[in-house]
Amino acid sequence: MNILILGGGGREHALAWAVKQNPKCDRLIVAPGNAGIARIADCPALEIEDGAAVVDFAATHSIDLVIIGPEAPLAAGVADDLRAAGVSVFGPSAAAARLEASKAFTKEICDACGAPTAAYARFTETGAAREYIKTQGAPIVIKADGLAAGKGVIVAMDEATALAAIDDMFDGQFGAAGAEVVIEEFMTGEEASFFVLCDGETLLPIGTAQDHKRAFDGDTGPNTGGMGAYSPAPVLTDAVVQKTLDRIVRPTIREMARRGTPYQGVLYVGLMIENGDPRLVEYNARFGDPEAQVLMLRLGAQALDLIQACAAGRLDQVRVNWADDHAMTVVMAARGYPGPYAKGTEINGLDALPEDSAHMVFHAGTVEDHGRILANGGRVLNVTARGATLQQARDRAYAMIDRIDWADGFNRTDIGWRALD
Ligand code: AMP
Ligand code: GLY
């Protein structure tokens, strides 16, 4: 089959790598891709949020399956346009992707189906929101309703921070995403993510992961898109997974189907677990980045069979073959990230690294220039390894990092500490 993946980060490199292992894959195109992806796929320029352009491209290149990586094309309705044109697509409709694109919508769904989540209230103007914060007190969590590239959530440990966040949001700091604000109870516990394929009716869990959002060791420093991740997540025991499916995921999927907007694609279930009870923090309508990197290394070639079955509405006919393994990815970022950083700095030593089912460097933000690999983003490389234990996966990942020569990059040295200590 001819496969088109939309996106150009580490998540899409990991998806491309897994898909490419599968003999069913004849031609692989990743748009726009990056320097690492270009070694295993064609990477043409394509306006990936323009549904008509993507439909046209799929027809011209006889594409049999489109896999949508990031949230923006989903929210823009690219999956709807492909389905309408009769192209098989992995990714939810814009209506179903509202589970990520609107925090208020997700809360409404939780209310309707009884899924446990933080108590909340919604606001469209400053005065009432400020009043609410004063009556609730801190800590409290302030969220812009819409997509804000992972930056629209402020966990306020004191009232002044919460009030300032309200002012920023209604002053338009997050544009239209902040026109409505959700204020939530601060939840305590341990966070983990759970990934479930859904074809509208059938659910298929495909793994668990934990990521590290803070920039520096010891989970300190500013929030980032994620500085590393590992799978499986020890806190998501079989019992917690069962509760998550019964109390949160199944009721949500049923409610989405009941509303005539069935969920088709991967559902990223962000959880807070306390005393063995899961509560929903957020949904995403796509794989996590960098969580996809560890999931794909563990799933390998079967990822394509699962994704294809999901897109075709026959998840009831497939199952996941689990190895008893562990994977870790460590993000190498440009010095300065998540603040201002330089682009175009040179990375050496990548060619000498092993590339096999236990070792992969996925590229997140790179370009190639006359054979040289240059950094081209904040998060640049995802150094990913698999092992019989998490410790072995970690040792393998950090051994690769030791051999990468990039003076302008940095990485955390303690990914997985919670699971390993
Ligand atoms: P979100 O974009 O909704 O995942 O929020 C980003 C991060 O903020 C989450 O990964 C949590 O660490 C934190 N967070 C969000 N909502 C809450 C909450 N109600 N209580 C505590 N922490 C939260
Ligand atoms: N790593 C968090 C996310 O992809 O949203």
Side-chain angles (χ1 to χ4, degrees), residues 7 9-12 14-15 69-72 74-75 97 99-107 110 115-122 133 136 138-157 161-162 165 169 174 177-178 181-195 207-215 219 222-231 233 235 266-274 278-296 329-331 333 338 362 364 378-379 382 384 412 415 418:
R11 166 181 49 210
E12 288 76 25
L15 285 164
E71 61 274 21
L74 296 169
L99 285 178
E100 171 163 7
S102 167
K103 310 235 182 236
F105 176 75
T106 296
K107 288 298 197 183
C110 287
T117 184
Y120 74 104
R122 301 162 62 163
I133 288 169
Q136 297 294 311
I140 194 159
V141 182
I142 317 294
K143 300 186 175 185
D145 173 61
L147 292 179
K151 298 191 180 77
V153 174
I154 285 101
V155 178
M157 298 313 288
T161 307
M169 286 189 193
F174 299 103
V181 168
V182 174
I183 303 182
E184 277 187 17
E185 164 200 0
F186 173 77
M187 293 190 282
T188 52
E190 186 169 344
E191 272 190 271
S193 343
F194 179 44
F195 296 85
T208 64
Q210 273 175 299
D211 77 345
H212 293 263
K213 290 206 167 70
R214 300 299 194 101
D219 291 324
N223 258 311
T224 71
M227 293 300 290
Y230 51 96
S231 171
V235 66
V266 61
L267 187 64
Y268 169 139
V269 186
L271 297 166
M272 188 73 83
I273 298 116
E274 193 170 42
R279 288 206 281 169
L280 183 73
V281 177
E282 61 161 348
Y283 283 128
N284 290 314
R286 50 168 175 87
F287 282 109
D289 189 345
E291 292 92 330
Q293 287 80 319
V294 286
L295 292 179
M296 289 303 130
T329 189
V330 182
V331 173
F362 296 119
R379 292 189 295 170
N382 306 139
T384 313
R412 280 183 56 164
I415 299 302
R418 199 190 279 277

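In each ligand, atom 1 is the first atom listed, and ligand 1 is the first ligand listed. In this chain, residues are counted from 1 in sequence order.
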Out of all atoms in ligand 1, which are within 4.0 Å of some heavy atom of A118? Include the element for each. 19 (N)

Does E282 reach ligand 2 with a nitrogen or oxygen that is under 3.5 Å from one of the ligand's nitrogen or oxygen atoms? no

Is there a heavy atom in G226 that sits closer than 4.0 Å to ligand 2? no

Counting from 1 in the order shown, the ligand 1 atoms closer than 4.0 Å to a non-hydrogen atom of F186 are 20 (N), 21 (C)

Between D289 and ligand 2, is there a nitrogen or oxygen pair with a distance under 3.5 Å? yes

Report the member of E100, E191, M272, E184 with the shortest heavy-atom distance to atom 10 (O) of ligand 1. E191

Restricting to non-hydrogen atoms, name the atom on I415 and the atom on G228 that form the minimum distance, rounded to 0.1 Å. CD1-CA, 3.8 Å

Got a second to check how far N284's CG is from F195's CZ, nearest 0.5 Å? 8.0 Å

For ligand 2, which atoms have a heavy atom of G225 less than 4.0 angstrom away? 1 (N), 2 (C)

Any side-chain heavy-atom pair of E100 and L74 under 4.5 Å: no

Quick one: does ligand 1 sit under 4.0 Å from the side chain of E185, the backbone, both or neither, non-hydrogen atoms only? backbone

Examine the proximity of ligand 2 to F287 and report which part, side chain or backbone, both or neither, has a heavy atom under 4.0 Å away. neither

Heavy atoms only, cut-off 4.0 Å: how does V155 contact ligand 1, side chain, backbone, both, or neither? side chain

Assess whether a salt bridge exists between K103 and E184, defined as any Lys/Arg side-chain N lying under 4.0 Å from an Asp/Glu carboxylate O. no

Contact atoms of ligand 1, heavy-atom distance to V281 under 4.0 Å: 15 (C), 16 (N)

Atoms in ligand 1 flagged as close to K213, the criterion being non-hydrogen separation under 4.0 Å: 10 (O)

Are any of the heavy atoms in R286 under 4.0 Å away from ligand 2? yes

Determine, stepwise, if the pair T106 / E282 fulfils side-chain hydrogen bond (donor to acceptor under 3.5 Å, both in side chains). CA-CA 8 Å; T106 296; E282 61 161 348; over 6 Å; no

Using a strict cut-off of 4.0 Å, indicate which atoms of ligand 2 neighbour a heavy atom of G288. 4 (O)

Looking at D211, which atoms of ligand 2 are within less than 4.0 Å of one of its heavy atoms? 1 (N), 2 (C)

In ligand 1, which numbered atoms sit nearer than 4.0 Å to a non-hydrogen atom of K103? 1 (P), 2 (O), 3 (O)

Between K107 and K143, is any pair of side-chain heavy atoms under 4.5 Å apart? no

Stepwise, does the ring pair (Phe, Tyr, Trp, His ring centres under 6.0 Å) test hold for Y268 with Y283? CA-CA 6 Å; Y268 169 139; Y283 283 128; 9.4 Å; no

Report the part of M187 (side chain from C-beta onward, or backbone N, CA, C, O) that has a heavy atom under 4.0 Å from ligand 1; answer both or neither where that applies. both

So do Q210 and R418 actually touch side chain to side chain, heavy atoms under 4.5 Å? yes

Any donor-acceptor N/O pair, T224 side chain to K213 backbone, under 3.5 Å: yes

D219 and H212, any side-chain heavy atoms less than 4.5 Å apart: yes

Atom 1 (N) of ligand 2 - nearest protein heavy atom and its distance: E291 OE1, 2.9 Å

Under a 3.5 Å distance rule, please check whether R412 uses its side chain to pair with a backbone N or O of R214 as donor and acceptor. yes

Below 4.5 Å, heavy atoms only, C-beta onward: do R379 and D289 meet side chain to side chain? yes

Here the atoms of ligand 1 under 4.0 Å from any heavy atom belonging to K143 are 3 (O), 15 (C), 16 (N)

Give the atoms of ligand 2, by number and element, whose distance to some non-hydrogen atom of N284 is under 4.0 Å. 5 (O)

